[in-house]
Amino acid sequence: MKVVIIGGGIGGLTTAIALSQRLPEGSQIDIYERVPDLTPIGAAISVWGNGVKVLKALGLGAQIEGYAGDMQSMAYTSSTGVPLCDFPLSPLYERVSQRACPIARTNLQKLLLDGALGARGVKLYLNKRAMNMAQNGDKVSVTFEDGEVVEGADLVVVADGTHSKLRDVVAGRAVARNYVGYVNFNGAVPITPALGDPRKWTQFVGDGKRVSMMPMGDGKFYFFFDVVLPPKTASHPDRYREELATHFAGWPQPVQELIAALNPATVARVDINDIEELETFVSGRAVLLGDSAHGTAPDLGQGGCQAMEDAWVLARCLGDHADNVAAALKQYDTERVARTVHLVSRARKRAEMIHGKDMDATRAWYAELAVETGENIMDGMAKTILGAPAE
Ligand code: FAD
C-alpha cells in the first residue's frame, strides 16, 4: 500500500508512526512537508491524557513523560488579585489514569520526527508544498508547487493544518475559517519565584481577558495572553510588550513580571480561528486529519490531542480493513467526525464565555470560579479525555 501524507506537523508525523505499525510490511508511507526545515510555531502545547495515551501506545511514552513539565495543580486569580480557586490535579490524573504532559513544541516535534524517521517504510520529503490532488479510480495523484506530480497513491492523508490547501478539494466546496474573537500572544520564559509556583498552572482572568502560565519542562513556563481585538488587527513584535502592558495595566504583580520577562522577538501572536464543522472527512481515497479536518479554538487544549487520536484511529481502521480502504475510511469517518465536530463547537462556546462575548455570562463564570473546588473543572476535563476512542 502506498500512502501519501501531506504535512509533517503533529497529525502527519503521528499518522506516519501509527500507520507504520499497522500496515502490512512493504507498505510505503511518504510524508510531504512544505517547509525546508521543520521548526514548530508556538512555544508549547498541553498534551492531555487522551493524547499521551496515543503516544504511549505508539511506544513514545518514556519520551513524552521525560520532556513534559510537572504540572500538579491549577489555580485561577482575578485581574484584581483575588484568588478564585486553587486545587490539585491528582484526582483528574487518577480518574483518567494519566497525568497531563505540557511540553515544548520543539520537544514534541523532535520525539515525533525521530519516531517517524525510525519507523518502517516512512520517508519524509521537505520543501514540498502540495497544491492540488486528483482522484482516478482507486488511485490519487498530488501536484506540488515545484511541478512534481506524485502518482499512484492508494490513500492521501491531508494533514496540512488549519490553513489547509487541500481541504476544499476533499470537501468539494469552500470551507470557512472563522475568527473566534480574540488574539493569543504566547511564548516561554524561565520560571522564577516572582512568576509563581513552578508546578502550578496559574491563570488570571478579568474583563474577558486571560493570562496563563503553565510549567512546560526545561525549567520554563509556557505563557499566553488572550486579548479581544477586531480581526486582523495589525501589530509588530516591537510593540508587543507595550501593548500587553496597556491591556493588562493594573493586573497582579506576576502578570507585570511576566510582561517584563518575556522576549517579544520569540512571542507568537495568533488570531484565533476555527473552521466550519464538516459532515465528512473523507472523499474517495483522500482523508482529512487534524486541524485540516477540525481546526479548533485552543480553549479546551485539545486540537493536537485530537490530531493524535485521528492518527491512531485511522491506523487502526486501516489495519482492521487492510484489503478494503473504503471500509476503513468509512469507519474512521464514523468514529472521528462526531467526536471532533462536537469538540470544535464546545471550544468555540468556551472561547466566547472566557472572552466576554456576553459579559454577563463571563461574569457568571468568574463567580463560579470563586466557589469552584476543582470538582467541576476536572469533571469536564475527565469527560473529554475519557471520550477518547478505544484502542
Ligand atoms: P499543524 O501542526 O499545523 O501541521 C501542519 C503541517 O502541514 C505543518 O508542518 C505545515 O508546514 C504543513 N503544510 C501546510 N500546508 C502544506 C502544504 N500545502 N503542503 C505540504 N505541507 C503543508 N492543542 C493541544 O492539544 N493542546 C494545547 O495546549 C494546544 N494549544 C494551542 C494553543 C494555540 C495558541 C493554538 C493556535 C493551538 C493550540 N493547540 C493545542 C492546537 C494544536 O496546535 C493543533 O491542533 C495541532 O498543531 C494540529 O496539528 P496538525 O498536524 O493538524 O497541523
Side-chain angles (χ1 to χ4, degrees), residues 4-16 30-52 54-55 68-69 71 100-105 108-109 112-113 124-133 142-146 148 150 156-167 169 180 182-187 201 210 212 214 216 222-226 267-275 281 288-311 340 343-344 347 351 381 384-385:
V4 166
I5 299 173
I6 306 300
I10 294 173
L13 293 174
T14 311
T15 301
D30 294 332
I31 310 170
Y32 292 88
E33 165 57 51
R34 76 176 162 182
V35 300
D37 187 18
L38 271 177
T39 42
I41 296 169
I45 180 168
S46 179
V47 185
W48 293 95
N50 51 324
V52 180
V54 169
L55 297 181
M71 182 167 78
C101 286
I103 178 174
R105 284 192 187 248
L108 179 60
Q109 186 173 67
L112 291 176
L113 192 56
L124 170 66
Y125 300 91
L126 294 172
N127 213 1
K128 298 294 290 183
R129 182 193 289 262
M131 301 303 285
N132 208 342
M133 73 185 178
V142 181
T143 307
F144 291 87
E145 194 176 36
D146 59 10
E148 189 187 356
V150 169
V156 171
V157 180
V158 176
D160 56 351
T162 182
H163 297 279
S164 175
K165 255 225 146 345
L166 298 182
R167 175 167 50 222
V169 182
V180 174
Y182 72 97
V183 172
N184 172 283
F185 297 75
N186 69 76
W201 177 18
R210 174 162 68 144
S212 163
M214 177 185 271
M216 60 177 265
Y222 163 50
F223 68 81
F224 63 76
F225 298 82
D226 290 346
V267 167
R269 182 186 181 281
V270 196
D271 277 30
I272 298 299
N273 286 270
D274 61 15
I275 67 157
F281 298 157
L288 299 172
L289 182 145
D291 276 9
S292 74
H294 44 72
T296 176
D299 294 78
L300 296 173
Q302 276 290 331
C305 298
Q306 292 308 307
M308 291 171 193
E309 286 188 11
D310 288 350
T340 54
L343 284 172
V344 171
M381 290 170 156
T384 303
I385 294 166

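Numbering of ligands and ligand atoms starts at 1, following listing order. The first residue in the sequence is number 1, and the count goes up from there.
Of the candidates T14, L112, D160, D160 brings a heavy atom nearest to atom 15 (N) of ligand 1. In this comparison of G303, G301, P298, G304, the heavy atom closest to atom 32 (C) of ligand 1 sits on P298. When the options R105, Q109, K165 are ranked by their closest heavy atom to atom 38 (C) of ligand 1, first place goes to R105.
Here CD1 of I275 is found 8.0 Å from CG of D291. Values are rounded to the nearest 0.5 Å. Going from atom CE of M214 over to atom CZ of F224 covers 7.0 Å, rounded to the nearest 0.5 Å. Taking CG from L113 and CD from E33, the interatomic distance works out to 10.0 Å, rounded to the nearest 0.5 Å. To the nearest 0.5 Å, atom CZ of residue F281 and atom CG of residue D310 are 7.0 Å apart.
Per-residue contacts place R129 under 4.0 angstrom from the following atoms of ligand 1 (heavy atoms of the residue considered): 18 (N), 19 (N). Counting the atoms of ligand 1 from 1 in the order shown, those under 4.0 Å from a heavy atom of N184 are 34 (C). Residue S46 has at least one heavy-atom neighbour below 4.0 Å for each of these atoms of ligand 1: 24 (C), 25 (O), 26 (N), 27 (C), 28 (O). For ligand 1, the atoms lying closer than 4.0 Å to a non-hydrogen atom of A159 are 5 (C), 6 (C), 7 (O). Residue-ligand proximity, G11 to ligand 1, at heavy-atom distances under 4.0 Å covers atoms 49 (O), 50 (P), 51 (O). Within the listing of ligand 1, atoms 19 (N), 20 (C) sit less than 4.0 angstrom from a heavy atom of K128. Ligand 1 places these atoms under 4.0 Å from at least one heavy atom of I10: 2 (O), 46 (C), 47 (O), 49 (O), 51 (O). Of all atoms in ligand 1, listed by their number and element, those nearer than 4.0 Å to a heavy atom of Y32 are 20 (C), 21 (N).
Ranking protein heavy atoms by distance to atom 3 (O) of ligand 1, first place goes to G161 CA, 3.8 Å. Among protein heavy atoms, atom 27 (C) of ligand 1 sits closest to I45 CG1, 3.3 Å. G9 CA, 3.4 Å is the protein heavy atom nearest to atom 4 (O) of ligand 1. What sits closest to atom 7 (O) of ligand 1 on the protein, heavy atoms only, is G7 CA, 3.3 Å. Shortest contact from atom 17 (C) of ligand 1 to any protein heavy atom: A130 N, 3.7 Å. Scanning the protein for heavy atoms near atom 21 (N) of ligand 1, the closest one is R34 N, 3.1 Å. Looking only at heavy atoms of the protein, atom 52 (O) of ligand 1 is closest to D291 N, 2.8 Å. Closest protein heavy atom to atom 9 (O) of ligand 1: E33 OE1, 2.6 Å.
Not a single donor-acceptor pair under 3.5 Å links the side chain of N184 to the backbone N or O of V270. A donor-acceptor pair is defined here as one N or O able to donate and one able to accept, closer than 3.5 Å; no such pair exists between the side chain of S46 and the backbone of G301. Although no hydrogens or angles enter the test, the distance criterion places no donor-acceptor pair under 3.5 Å between the side chain of R34 and the main chain of N127.
Close to ligand 1: Y222, with a non-hydrogen atom less than 4.0 angstrom away. Residue M131 places every heavy atom at 4.0 Å or more from ligand 1. Within the 4.0 Å heavy-atom cutoff, M308 does not count among the residues contacting ligand 1.
Between L126 and P36, the shortest heavy-atom contact is CD1-O, 3.3 Å. The shortest non-hydrogen separation linking I31 to G7 is CG2-O, 3.6 Å. Closest non-hydrogen pair, D271 versus N273, comes out as O-ND2, 3.2 Å.
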Q: Under the side chain to side chain contact (heavy atoms under 4.5 Å, CB included) rule, what do Y32 and V150 come out as? Steps first, then yes or no, please.
A: CA-CA 10 Å; Y32 292 88; V150 169; 3.4 Å; yes
Q: Starting from the C-alpha separation in whole Å, work towards a yes-or-no answer on salt bridge (Lys or Arg N to Asp or Glu O under 4.0 Å) for K128 and D30.
A: CA-CA 12 Å; K128 298 294 290 183; D30 294 332; over 6 Å; no
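Note: F185 and F225 have perpendicular aromatic rings, judged against thresholds of 30 and 60 degrees for the angle between ring planes.
An N or O contact shorter than 3.5 Å is missing between A44 and ligand 1 by distance.
Considering I10, N50, T15, L13 as possible partners of M308, the one that fulfils the side-chain contact (heavy atoms from CB on, under 4.5 Å) test is I10.
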